[in-house]
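As the structure is a computational prediction, the values presented were derived from the model and not from experiment. Chain A is the first sequence line, chain B the second, and so forth, proteins listed ahead of strands; every chain is numbered from 1.
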Amino acid sequence: MIGRVRVRFAPSPTGHLHIGGARTALFNWLFARHYKGAFVLRIEDTDKSRSTDEYIELIIEAMNWLGLDWDEGPYRQTDRFNIYREYAEKLVKDGKAYYCICSPEELEAKRRLAATSNTPIGYDRKCRDLEIRPGIGSTVIRFKMPLEGETVVNDLIKGKVVFENSQLEDFVIIRSDGTPTYNFAVVVDDIDMKISHVIRGDDHLNNTPKQIHIYEAFDTKIPEFAHLPMILGPDKSRLSKRHGATSVLAYKELGYLPEAIINYLARLGWSHGDQEIFTKDELIAYFSIENIGKSAAIFNPDKLLWLNSQYMLKGDSLRLAQLVKPFLKRRGIIYDSDSIDIEWLSKAVELLKGRSKTLDDLANSLNYFFVEDIHIDPRLAKDFFTQEGIKYLSEVSGGLSKIDSFTKDEIAKVFEAIAERNKVKLGAIAQPVRVAITGGTASPGIFELIEVLGKEKVIKRLSKIVESPKIPLPRS
RNA sequence: GGUCCCAUCGUCUAGAGGCCCAGGACGUAGCCCUCUCAAGGCUAAAACACGGGUUCGAAUCCCGUUGGGACCGCCA
């Protein structure tokens, strides 16, 4: 029943790929993959003053990072100006479009008048039947809208939406500089690229009737439309920069995993029963437009963070170790990522990944694995390096130095023996040790931590406190 | 202002007339586990915007009200 599926994602390179755009891209991608169709990337850069090559690069980088691969493109509308021109001239020849010589000032005045006089349309179609020839001063090409009747959009998400044709303007399709406007270029491209389903934000729903008339003017098949509800900020207005981090790459920098972003975005407006966590393959298998909701969704950073922590928890330690390197570097914890022992790092990551919400969080927690002079808060030192505490530190140090195989099981035996001998709970010993070797009171289990940290480092840190308990401060 | 869209816990949502005195998830609170912190487990508070219909029966269908949003450019 569904023929060959061809969808596209068509960002305009006037900014970063943001959360909303990424979700539109994701839904198109999922739809294409689900139906084994084609996903086309098209750059809508007809607004030359606001589009930059740098943003194109950045959008592509973000798509790659998210793993949203495309089958065709990226096409650029600026490479296709002659095509739009040809299409437009055909419409003029067929009497379906016309040249207009009204000046911007004149149009502005008409718009103002329309606003005050309850007229739905700003432009009064003055040039519609004048049969103006091109070349006389500044001319644009306008599309001849039907004056009466109605246009029905059978949207896959919103259902049947009816527009009165009398509300539709004879909009400009070719600007005076010869470039096409958005509403025209999209349709020409979608015809030319044989797009079967147009899946985009519902801010375009009002443009759809205009576009349908262009399809009809070319006597081509109208694609299916699916208008996705918007993503809103906490104040219920359209998500934008003022709501904080909105670009996909910003989340990468913050230490988020791409699969968490994908999962979060997929669940924003779409659902599959009560399931919250999906692999990409599951998303592809389960995705369907019928399960997309109709109402706008508020972006919830807390839930994204939770999903990220879930992916951190379940992530492969070796992979996370690779990914965390840039964050360690940025925090000044390491200087040369190539010289570090990745096997060892991944063991440390293994201990910390379930306790970290982001890669940056992980990097921060990894600090005491690398830094020699760990910082110990004087208040903690006061609380834990008591006469008793120091005694345990000394005993642990002594016990550990006698172990041959430095494994968590053997380390545990040392602690248990000391606890037994002193008739205290394990915590009484573990906490001072934790503070001495990590500088804080929160860490992974003390035995595995000591194992991964290694005999040498641990004994060195313990001895340092035992020898000079009053000055646990770092030299720096 | 005109046109269009939308409306279930604070948030994301399940729910397609009886299975719902509304289920799951995030967040919040408490308890359990425990060498700390997380993770995990359990529990709690928390919603069908309002008003009319239709129906034996409505969160689910219809109408209206209210509230929110989008679009009205030679931006996309």
Side-chain angles (χ1 to χ4, degrees), chain A residues 10-14 44-47 49-51 100 102 104 107-108 111 114-123 138-142 153 155 157-159 161-164 167-169 171-183 185-186 201-209 227 229-230 232 234 236-238 264 267-277 290-291 293-307 309-310 312-313 352-357 365 412 415 419 425-431 433-435 438 440-447 449:
Chain A
S12 68
T14 54
E44 310 221 321
D45 55 351
T46 57
D47 182 354
S49 63
R50 294 199 304 148
S51 302
C100 168
C102 295
L107 294 169
E108 177 57 33
R111 254 197 300 279
T116 54
S117 66
N118 255 351
T119 315
I121 290 177
Y123 177 62
S138 165
T139 56
V140 300
I141 299 179
R142 285 183 182 272
V153 179
D155 193 87
I157 293 171
K158 305 286 184 180
V161 184
V162 182
F163 296 86
E164 291 292 327
Q167 303 286 325
L168 272 23
E169 190 167 45
F171 67 104
V172 173
I173 59 176
I174 298 288
R175 300 183 186 104
S176 52
D177 66 357
T179 62
T181 58
Y182 165 77
N183 277 117
V186 208
D202 71 8
D203 46 340
H204 290 295
L205 186 55
N206 285 304
N207 287 324
T208 309
H227 285 95
M230 299 271 89
L232 275 24
K236 294 195 174 200
S237 72
R238 192 175 170 161
Y264 179 72
R267 272 297 277 106
L268 203 58
W270 173 85
S271 62
H272 184 257
D274 286 340
Q275 190 170 342
E276 294 288 349
I277 296 180
E290 295 87 84
N291 291 317
K294 289 180 170 189
S295 53
I298 293 173
F299 180 77
N300 182 352
D302 281 342
K303 190 156 183 180
L304 206 210
L305 191 60
W306 171 75
L307 267 169
S309 65
Q310 289 294 308
M312 293 287 293
L313 174 66
L352 257 6
K353 66 183 184 184
R355 295 169 162 81
S356 311
K357 292 182 183 302
S365 306
F415 276 75
K425 284 188 173 178
L426 193 55
I429 299 160
Q431 277 309 77
V433 171
R434 197 182 316 271
V435 173
T438 71
T441 55
S443 86
I446 197 77
F447 311 138
L449 177 67

Give a yes/no answer on whether the side chain of [X] brings an N or O atom under 4.0 Å of OP1 or OP2 in [N].
X        : N     : value
A:Thr46  : B:A76 : yes
A:Lys294 : B:C6  : yes
A:Thr181 : B:C74 : no
A:Gln310 : B:A38 : no
A:Arg267 : B:C26 : no

Going from NZ on A:Lys236 to CD1 on A:Ile298, what distance comes out if it is rounded to the nearest 0.5 angstrom?
-> 5.0 Å
Provide the Watson-Crick or G-U wobble partner of [N], both distances under 3.5 Å; none if there is no partner.
N     : answer
B:U60 : none
B:C9  : none
B:G1  : B:C72
B:G17 : none
B:C33 : none
B:A38 : none
B:A49 : B:U65
B:U28 : B:A44

Distance between the C1' atoms of B:G67 and B:U28, in whole angstroms?
-> 27 Å
Please determine, by modelled atom types, if A:Thr179 and A:Asp177 share a side-chain donor-acceptor pair under 3.5 angstrom.
->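 Yes, a side-chain donor-acceptor pair sits under 3.5 Å.
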pair A:Leu304-A:Phe299: side-chain heavy atoms closer than 4.5 Å = yes
